[in-house]
Structure formats: C-alpha cells, structure tokens
There are 2 protein chains.
Amino acid sequence: MVSPKRTKLKDLALHLDLTESTVSRALNGYADISPKTVDRVTQAAVQLGYKPNQNARRLATGQAEAVAYVIPQNHSSLAEPFVSQLLRGLNDSLSRRGWDLLVSHAVSAEDEAAKIHRLISSGRVSGVVLTRPFRNDARIKLLQDAGFPFVVHGRCSHCDDYSWYDIDNELAIKTAATHLIALGHQRIGFIGAPLYYNFAFQRLEGYKSALAEAGIPYDETIVEIAEMKDDAGESAASNQLDSGKPPTAFVCSSDTQALGVLAAIRTRGLTAGEDVSVIGYDGLSIGRHANPPLTTMAQPQAQSGRELGDILLAVIDGDDPASHQILKRAELVLRNTAGPLRDRNYH
Amino acid sequence: MVSPKRTKLKDLALHLDLTESTVSRALNGYADISPKTVDRVTQAAVQLGYKPNQNARRLATGQAEAVAYVIPQNHSSLAEPFVSQLLRGLNDSLSRRGWDLLVSHAVSAEDEAAKIHRLISSGRVSGVVLTRPFRNDARIKLLQDAGFPFVVHGRCSHCDDYSWYDIDNELAIKTAATHLIALGHQRIGFIGAPLYYNFAFQRLEGYKSALAEAGIPYDETIVEIAEMKDDAGESAASNQLDSGKPPTAFVCSSDTQALGVLAAIRTRGLTAGEDVSVIGYDGLSIGRHANPPLTTMAQPQAQSGRELGDILLAVIDGDDPASHQILKRAELVLRNTAGPLRDRNYH
DNA sequence: GTTGATTCCGAAAGCGGTTTCGGGATAGCA
DNA sequence: TGCTATCCCGAAACCGCTTTCGGAATCAAC
C-alpha cells in the first residue's frame, strides 16, 4: 500500500546532472536545447517513468488543459444514449492533446449557473461545452460576460457571436412533415418539446413551415407540447386520438415521444404506418426494434462530440468563436411507421 | 473578451488587512482563527467573489479532489444509457464535497492501461472507478500495485481485497432461467456475452446452475456467445431457431441481445412469449416498447453511481477497501415475452 | 588573437495556495 | 503587579513545474 514515490522533475534533473529548468524546457520542446540533450532527457524520462505533476504544471502555465461538459439538469433517461456517444467523441478530440474531460451535472438551473461559475473561475477548466440551450440562455450570457471559451451544442435565438454545432431542427421537422404530406396526410399532429428549449421552438417552426408550404392551415388543437419521454408522448397522442377529429399522422420531437405515440396507437387497436403514421426524431437505433419499427429523422450524432471538441480547442487557442458555427442536417430514416393516407376507418 | 482578473487570496488578505495564511486558515476551518475573523473573511470572500485556484490548492495539498471514471474501450452503443445514469450518480456523490469527475475513454486495452497510469501518476485524480472487469483484469493489478484508491463496478474472479459494487449476475440469470423452467420450458437457449468479461462468466454459471437444480442436462449446442448488441443476438438466435432442435426459450445476457432475438423470432413468423419465450437482462426501460414488450432482469442502476462514489470517497479517506463490497440483486420484470411452454407447432 | 554572433544551459522568480511554527497580545490567576 | 496559559495571527517554507533573462562556452569571421 506504500506508493513508490513518484519521480519528479528534480529527480530527473539530478539523474541527468542538469537543472530542472533545462529538463523542463527539453521536455516541452523549447528551441534552445540541443538535440542530443533533448534525446538524453526524453530517454531518461521514460526510463524513470516521469509523469509531470499536472497540478503544478497547470498552476505554472495558467492553462487547465481540461474542459467541462455540462449536462443539463433535466433530461429523460431514454435520451441518454446520446450523452455517452458525445462524451466519447469529446474524449477523442481532447486526448489528442492529452487534455482532460470533466463532466458536471447540475440538479437545478441555479445550481447549474453556480457550478459553471465555479468551474470557470477556479482554474479547473479552460473551456466549457454547453448543451440544450434555452431560447435565451443565462449560461451563455454568463460565459460571454466572463470572456470564457465555450461552445454550444445547439443554438439560441441569438447566436451570431459564439461557437455552436447544431442540427437544422427546422429543416428536419419540415422534411418529416413534408414527407407525410406527400403521403397524402393533411391532418398532421405535432408533439412538441417544451418551448423554452430553442430546438423545440425551431422544430415547431419547421412543422408550421411545412404546413404553410403545402397550404394547410395551422391548427393549434393538434399541437401538443410534451416532455421528451415516452409517457408524455403516449398521453399527448392519446388526447389527440380520442378527440373528435384525430390526426392521421404525427410528427414527434423525439423518438422517445414517438415510442409513446406508438404505444397509444397500439392500445387503440390501430396499426402505426397503416391507420396512423408517425415520424420520430433522433434516429435512435433502438427504434428498429419498436413495434412497428419507427420511421424517424436521424441526426448525425457520431461526430458531434468530436467536432464540438475540435471547435472548443480552436476557440481556446484564440480563434474567433463566430467563425466556428456548424449546421448539419438530419435525414429521414424510412422504417415502417409512415405510410400513405388511408380512408379513415378506425372509429 | 478581457476577463476581469480574478480575486485571489492575496487580494482578499489585503482587503481584510490580514495575512494570506490567516485568510486561508479561516476559509478552511482551522480552529485557531477567532469566530469573528472567520465571519469577516467568509463574508468578504463571497462579496469579492473569491474562488480559490483549484490547481494551486491541489498542488499544495497533494489532494486532487477529483476522481476518474474509466469507460471501457469497447461497448455497444445500445447499452450506453447506463453510462449516463451512472455518471449522474457519481456526480451527485462527488459534488457533496465539491470534487470533480473526469471521464476517460480509451480506444484500446493498452491505451487504457497507459491512460490509467497517467491519471494516477500525474496527480490529476485521487481515485478511479473501473467498470466491466475482465476475469482477471490487468487494470486492477495496476492500481493495486500502485496502492491507488479505486472501486470496481463489478467483480473479478479474485475480488477479496478491493472495493466493488456488483449485481449478483449468477443469481439473476439463475432466476430468469428458473422462471422459464417453471413455465415448463426444458430446452432453454443461452445467449452469453464474451467470456473474458467476468460478469459474462457469472451469468453462464447462473444458467448452468438453474439447469442443474432442475435436473436438466447442460447442452452446449444451445449456448451461444455473442457480442452485446442486437445484431449479434439476432444472428445467434437465428442459428438456434433454424437448427433441427430449436430451444423453446432463450435467456439473454443483455436486453440489446434480447431485442435482436425478438427480431429473429418475428422474422420467422413466430410470436415471442407464445411460440418462443425470451428473457433479457438489464431492465432497459426501452424494453417496454419492444415487440412484444420484453421480459427482463432489471438491475438497480439508479443508485449504482451514487454508491460507487460514496465507496470511493470512503476508500480515499482511508477505509479498508475490503470493507466496502456491495452485492445487489436484480429482479424479474414481467412483461410479455416469457410465456408457458406450448406444443411445438412452429416448423 | 580579438571580436561578434550563436548555442546552450543555469539561476531565479514566479504560479496561488497550504501548513507548520513561533511569538505577541490578551486573559486568568495568584 | 507579575507570571503563565491561551488565543490568534504573522512569517516563511513549501508543493512541482514553467519561463524569462543573462551569461558562459563555442564557433565563425576578420
């Protein structure tokens, strides 16, 4: 249990009969050290298993060599596969520099602000990744005012002057709704996400836009705002289906909601994709095993973490944040829940 | 973009007309500072928004006040909801002390060892959480030899002298298999996970144990080792179902595998829970939306992160690692895929 | 052989806290 | 009033590494 004392810079210097400063510079690639000395030093370093004390280094350089990923306080457990994928991508990006990844998980909105404050003003991290921005998000203002490097996974209503990586939510939902319209549907319900999320707003806009383009009047009685979980989707769809004039199709703001919608449809003895069509949003691979397999808008999640990391590193290095804004598009994954309009025969 | 310079200990001391050392001790709860001074100091601290530089603090104390969660290099994306839940729990535990959580994601086994080495010998963290241990796991030996605090999510073959939190895998699978036996099934297939994982080994043991108890001979031709993803489960089940003497039920090592098994069953025009029974393992909530809803062994994941964190903190504080070993049990969640044995009428 | 320019390394001052130690001030007691 | 015990606080070393600066040594050039 006695930990063998670590070799520190001093030991290395003594061993090599050099000064600590020389060894340090040799290790950090300074130009004023002769190549052979550099060789000697690096060899001795691996030989003695020297790992610089990161805290000392961070203190001396003022660079934390770490970034934090701030997980939003409330999000449904079903949506969480994304978090893991994203962390993996972030890690990939950061480890090329040997940087660390912190995750910070707040329990409330105020707690979140406090945590961010602590993170950025205690030298723990040199950058922050934010997710799920609100329409106008206090966290972003906080970071901007502090002049602290950050990147947002998503956009706010006002997003010109910072870095972000986002999916074109509006276009995605518009694509979904337009697909249903092309299948003959005219009465299309929309299951939205809470509108304080900007992406929720954008998705609603996409829905409206598709209708407008097709000349279908917007009917707010078939638009429901629900949390992004299956139960919420199920009850929202239930309301609609049990109403006098139910939609013949649904566009959902998430796959988890869509799974609930499918459940509501099954419960009523109907068949999704035949009696009622459904399109989800997220492209969860699990949707393949839904009943029936869920048609959905798949967003390219795989690289998102990687790209967010790269952007953040660039901004930390001094790049203009506004020059790093990436907008990707989702694509329609055709499975079995979106079919042509039929004669309504289900009540 | 100009960051307003942070207030440091010196500023606070000047402002209060005290010494840095006094202020430091006041803030850190030393007994030799008068209560009124402590008051003065703490008030001034919040007033000036003083946040101690964490790197300086860590350097001085030698305590990293952070732990790392090491994500195993290979794991299927479908199983990842767990990671996120677990991180949340870990965070809860750590934030009560204001500690940080790092996540480290290796790309290969060697890389993983290297990363752990770097983590523990560079002062970044004061403890490590390991997951998915192999039967005998090099990482554990590494940490033990270094005398470095750690806790394992899972057990190894030899697990007496370190801390762990685990589900009784053997009992869980035994419960599942016994349930099927009670339903009349005699020919029960097993979809296992790669046996270098210790949990995979334990689950296989549970399967064998249930059979032995029921006096059913072990037949290795209906035992398949597959990766923990849906495709693998599907092809494994397909092999079995297309064989001359197919099982009437399957026990799976994961829900993701089970989803694939369900797909294989559907593909053949059969109905899970009627023609063929299936029990999964994990208790993924998504299983409710499977076709049909998946019967499964649910492990209590919610607290696992929290408990792992608490254990690790205790060990870091000096507790005997061997005194922190927690074994939980999974429970059978009855949904629709496990039904009584029928006359075989499906080929 | 002196000069000037290069190369390479050592000295030393931080980075921003923590912690041990010792002593001045105050209080307690005779 | 004098002496000791107690309570607070200041001084200073230290944690391990980085980085600027200056100077010794080497080399080329005249």
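Keep in mind that the numbers below use all heavy atoms, side chains included, and drop hydrogens, waters and symmetry copies. Throughout, a chain's letter reflects where its sequence line sits, starting with A, and its residues are numbered from 1.
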Of all the choices, [options], which nucleotide is nearest to the side chain of [X] once you look at every atom?
X     : options                : answer
B:K8  : D:dC9, C:dC8, C:dG17   : C:dG17
B:N28 : C:dA12, C:dT18, C:dG17 : C:dT18
A:L9  : D:dA11, C:dG17, D:dT18 : D:dT18
B:L18 : D:dC17, C:dG16, D:dC9  : D:dC9
B:P52 : C:dG10, C:dG17, D:dA11 : C:dG17
A:S21 : C:dA11, C:dT20, D:dC21 : C:dA11
B:Y30 : C:dT19, D:dC9, C:dC9   : C:dT19

Discussion item. If only side-chain N and O atoms count, and only distance matters, is there a donor-acceptor pair under 3.5 Å linking A:N28 with A:R57?
Written reply: yes
Discussion item. Between the side chains of B:K328 and B:E307, is the shortest nitrogen-to-carboxylate-oxygen separation below 4.0 Å, so that they form an ion pair?
Written reply: yes
Worksheet item: Any salt bridge between A:D92 and A:R96, counting N to O under 4.0 Å?
Response: no
Worksheet item: Just checking B:T61: base, sugar-phosphate only, or nothing, at a heavy-atom cut-off of under 4.0 Å?
Response: sugar-phosphate
Discussion item. It should be established whether B:N53 places a side-chain nitrogen or oxygen under 4.0 Å from OP1 or OP2 of nucleotide C:dC15.
Written reply: no
Worksheet item: For C:dT18, does OP1 or OP2 lie under 4.0 Å from any side-chain N or O of B:S24?
Response: yes
